[in-house]
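For reference, the structure is listed below as structure tokens.
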Amino acid sequence: MAFLSLANRRLTAQLDALAAEERFTKSRSATARDDEISSTSVMEQRSSLHNLGGFTLKKIPVLTLVLALLALVFPAATASPAEPGPWRQVDPADVVLGKSYLVVSQHGALVNAEATISTPGDVTGDTQIGMASKPVTIEDGLITSEVTDDMVWQFGPGANTAAAAGGLGEGAGYYLLNDAPGTGGGTEPLRRESSFNAQHAPLNTTGAAVNGNQQSMLMHVLDEAAGTVSLYLWGGNNQFNFAVHSTEDGFTAKSLTAGATSAAQLLEQMQESPELRLYEPVSAVGEQHYVMASSGENGSISPSSLAGHVWVNEGEDLTFTFEPAFGFEVDTVTVDGVEVDFADNQYTMENVVTSGAQIHVTFRPDSNAAEIPFTVFNDIFSVGNVTTAVIIDLGEGNQANLADVSADMFSAAARNTRLDGTSVIFDGSRNITRVYVNDAPEPLGYVSPAPGSDDLVVDTPDTGRYIVVEFEFWNANGYTSGSMVSGNLQNAFSAILNYRVNVDREIVLTDGTAIVPRFTQSAVVNPALDKFVPSKTNPGGAGNMDVLLSIDESWEQDGPLPLFIYNHGGGRGGPAGDYFAPVQTANGAAVLSKRQLENPGKYNAHIIATQNHSNSQVNNEALMAYVDQLVADGLVDPDRVYMSGFSMGSMYTVGMYTRNPEFLTAIVPLAGGGLPSVEQLTENPELAKVSIWAHSHEADFMGGPWTEYFSTGGAASGLYEEANVSILETNQAFNFPYFGFDWTPHETEAQVFSNKISQSNTVFAYGPGHEEFADETIFDWMFAQFKSENRIGDLQDMVAGLALNKGNMNALTVKLANADRFVSEGNAEQAGDMLNAFMNQVSAFVNAGKLTEEQALEMNAAAEETLKYVHYVTTLR
């Protein structure tokens, strides 16, 4: 009974402390806060850590007192963290890496589920994505209401590296980890996404591990006595810094300013944001230690945790179980780096009295496992490069039955890094939506998000050589964790994709034999991006720019083709040497390449994706010289050179256009760039010959200027031959896989490149293209633009000025009159015959000495341009 006597002594001391706290609490009652969480003294904080939580004796609920007594007397009976309370407030100074806590504000506990946060007047659109909150019941400093898994955050070691300043930014911080995702939740650390220069930034757990400073929560103590804190994300002084902020709708990240925030401003934001408290489960008094448990691929170790910490009471034994995947067996087990013996896939660490021991297990294939290769399949959508499936190749002559494969028998995970091989972009599992067989190594459409893609094949083949394991990559909340190759929309980085696939049973073949597989990754493919090759516009010379070039081989049969040049947004060029970085995130060049695959023959064109462009004439000249060589080689039609870009890339597009309008046929600027004034259009008529279709959200920085420009400015002057604008109310994209998903006001690419013209939600629209191309895409409008003109009228004037007799004059004028009639009737073939006959007649008159070669060259050039015009009109519109 010695332990009961000890428990009684502890309880007596506890009751004495509670009585003292009751007297102290009464003395403060007049100034106590009138909200769910009352402030507590330093004495209360220390009592809560080492006793029962700092509540007053007269208010102890019977259930709470019983649970507390059980925790003292019978440590093994303590509830697990995710079970109903009580939870007690923890002193911030005693937060321990690897343990679990609740993060609570006056609005409730932080939950791993997505929420829409109202931010009127602060973020364009008045809402922001954040994390949900759940109400909690707090009685005398204890949370006594239900605590669910999605509320429990394990504090793992963070990765903050930004320099400290102004009393902030010290240390690596914490990764807040939660493995019970709710709607919109995930298993990545709690992190912020880009704020787009707004005061609020999204919080989620679906982003990838791209930047340690974006996902490392640092803690600042607001009031030691009350134990209140602020959690914040630190990028360095005068950088993007945010405090975790709560509202009735949930949690988001907030900064005092829209751009760079100083330490002093961040401290001010912390004071303005609702204070936070951390809670831990009431547990037994006694020292605990942790063991770091981890495993290699193709199996797991149990117990473990998100941060790797496994806690055990001092002096107790801790048994670990190793669980190989099907087709694998345990290879080695090491403790603190030294290999140890194990039995029955278990190992026991005895008498644990210190923290920090490490146990690690690896797995190897069974000796009878057959190596089966698979390909990682990437697809292009308007948000970027997305991994949508892995495709297993059973080998020549082997096939599986559709009836013998299913999603529940497979699992897939990846550990993806940047090109350095060490910077982790994603490390986790992928959700599988369906598994089927196919005769070719390619997906047959996608079933998710519902109702699926337009080319979804419901009746998949009954047998096939290839097993397609299709992943969830998009849902109502956007791209899912691990789906974006570069991590997320805001990060342009190529990646080394390291996928692994496991199965829980044999693969049965159509001939009745069965395989115990060991799946190995053989390749990564993206049909849209694999067409591009890196190139340089002026290697070693002035204005050189790295580009990706996609050559459409149909030029060899069809002659010179259009050229589309796309300029990425700021920050999306990627690092030097990472040539494919721009097409990993939203990129119009990549989207066009995908549309070419989906619509063979419709968008035949060469494509250039620029990288790290410089908005200068020397850069423009290098690019133009590069294109001129493609023209000289017979690949590119100079009358159909198109350019588009987003944000900074849009500014580059407009800069190229205003400096070199004769180079371009049409431009599609998205969210950036000042267009020419009436005076500039008048001074340089070439500007007005370039067709324009500008796009901007009304709340973005170009929304107002472009509305004015197309209402009363240069575009409304009538000088342009073709000018359109779409000022958008939302950036919603309505086709697969978005189905109405909306981005922040600046993010316009997905909306522009995914929607048909009529689908866009515009508040102001100008130009003939809206009606003419209502049921088509921006690419259809773009490819319908060309430079050549109908110059039959010019030819008739030229002929009228010639010194020819009446018969010779009629020989030319009749052909031109017939050509003019055929053009007006849309009869391209006969119009072409007449124009060719006209040029033959001109050549005959030169040979007869009736016309000079200079006269013939001038007329034939006008006739050739008219022939192009006739061809373009009849084939493009």
Side-chain angles (χ1 to χ4, degrees), residues 92-93 95-98 101 103 105 110 117 119 122-123 128-131 153-178 188-224 227-247 250-278 307 423-425 487-488 490-491 571:
V95 169
V96 177
L97 281 172
Y101 302 95
V103 179
S105 77
L110 174 70
I117 313 299
T119 55
D122 188 20
V123 175
Q128 185 60 273
I129 296 300
M131 306 299 288
W153 298 90
Q154 188 175 26
F155 279 36
N160 173 60
T161 58
L168 298 178
E170 292 284 353
Y174 307 96
Y175 279 176
L176 270 61
L177 305 163
N178 181 292
E188 299 294 328
L190 181 66
R191 62 168 284 140
R192 76 164 182 90
E193 299 290 353
S194 175
S195 64
F196 303 99
N197 288 323
Q199 286 178 260
H200 277 80
L203 286 179
N204 65 43
T205 52
T206 60
V210 176
N211 185 325
N213 299 87
Q214 290 181 197
Q215 61 192 50
S216 295
M217 294 288 171
L218 278 70
M219 185 165 62
H220 177 73
V221 178
L222 298 173
D223 187 330
E224 281 192 24
T228 57
V229 301
S230 176
L231 295 175
Y232 66 98
L233 297 124
W234 178 251
N237 198 35
N238 297 313
Q239 301 297 320
F240 286 95
N241 300 311
F242 297 86
V244 173
H245 180 81
S246 75
T247 71
F251 292 80
T252 183
K254 189 174 183 181
S255 176
L256 193 67
T257 60
T261 306
S262 68
Q265 289 171 320
L266 183 57
L267 284 167
E268 187 177 346
Q269 180 62 62
M270 292 176 185
Q271 296 295 330
E272 292 184 5
S273 294
E275 59 197 18
L276 305 175
R277 286 176 167 82
L278 304 179
S423 300
V424 178
I425 293 175
N488 63 33
Q490 302 310 318
N491 293 281

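Residue indices begin at 1 and follow the sequence shown.
Annotation: the span from Leu266 atom CG to Lys254 atom NZ amounts to 12.5 Å, rounded to 0.5 Å. Considering CD of Glu188 and CG of Asn178, their distance stands at 12.5 Å, rounded to 0.5 Å. Atoms CZ and CG, on Arg192 and Asn204 in that order, are 11.5 Å from each other to the nearest 0.5 Å.
Between Gly227 and Arg277, the shortest heavy-atom contact is O-CG, 4.2 Å. When all heavy atoms of Gln128 and Thr119 are compared, the closest pair comes out as N-OG1, 4.1 Å. When all heavy atoms of Gly98 and Ala307 are compared, the closest pair comes out as CA-CB, 4.5 Å.
Between Met219 and Leu276, the closest side-chain pair of non-hydrogen atoms is not below 4.5 Å. For the pair His245 and Ile117, the minimum side-chain heavy-atom distance is 4.5 Å or more. Residues Leu278 and Val95 are in side-chain contact: their nearest non-hydrogen atoms beyond the backbone lie under 4.5 Å apart. Residues Met217 and Val244 are in side-chain contact: their nearest non-hydrogen atoms beyond the backbone lie under 4.5 Å apart. You'll find the side chain of Leu231 reaches within 4.5 Å of the side chain of Leu176, heavy atoms only. Counting heavy atoms from C-beta outward, Phe251 and Leu190 have side chains that stay 4.5 Å or more apart.
Listed by chain and number, the residues in a ring pair (Phe, Tyr, Trp, His ring centres under 6.0 Å) with Tyr174 are Phe155 (sequence neighbours excluded). Considering only residues two or more places apart in sequence or on other chains, Ser230 meets the side chain to side chain contact (heavy atoms under 4.5 Å, CB included) condition with Leu222, Ala243, Met270. For Thr247, there are no side chain to side chain donor-acceptor pair (under 3.5 Å) partners two or more places apart in sequence or in a different chain. Residues forming a side chain to side chain contact (heavy atoms under 4.5 Å, CB included) with Thr257 (at least two apart in sequence, or on another chain): Ser255, Thr261, Gln265. Shown here are the side chain to side chain contact (heavy atoms under 4.5 Å, CB included) partners of Ser216, two or more places apart in sequence or in another chain: Ala159, Asn160, Tyr175, Leu218. Residues passing the side chain to side chain contact (heavy atoms under 4.5 Å, CB included) test with Glu272, sequence neighbours excluded: Leu256, Glu268, Gln269.
Listed for the Gln199 side chain is no donor-acceptor partner under 3.5 Å among the backbone atoms of Ala258. No donor-acceptor pair closer than 3.5 Å links the side chain of Glu275 to the backbone N or O of Thr228.
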Would you be so kind as to tabulate the donor-acceptor pairs closer than 3.5 Å made by side chains of residues 232-240, with sequence neighbours excluded?
{"from": "Tyr232", "atom 1": "OH", "to": "Gly169", "atom 2": "N", "distance (Å)": "2.8"}
{"from": "Trp234", "atom 1": "NE1", "to": "Ala163", "atom 2": "O", "distance (Å)": "3.0"}
{"from": "Asn237", "atom 1": "OD1", "to": "Ala263", "atom 2": "N", "distance (Å)": "2.8"}

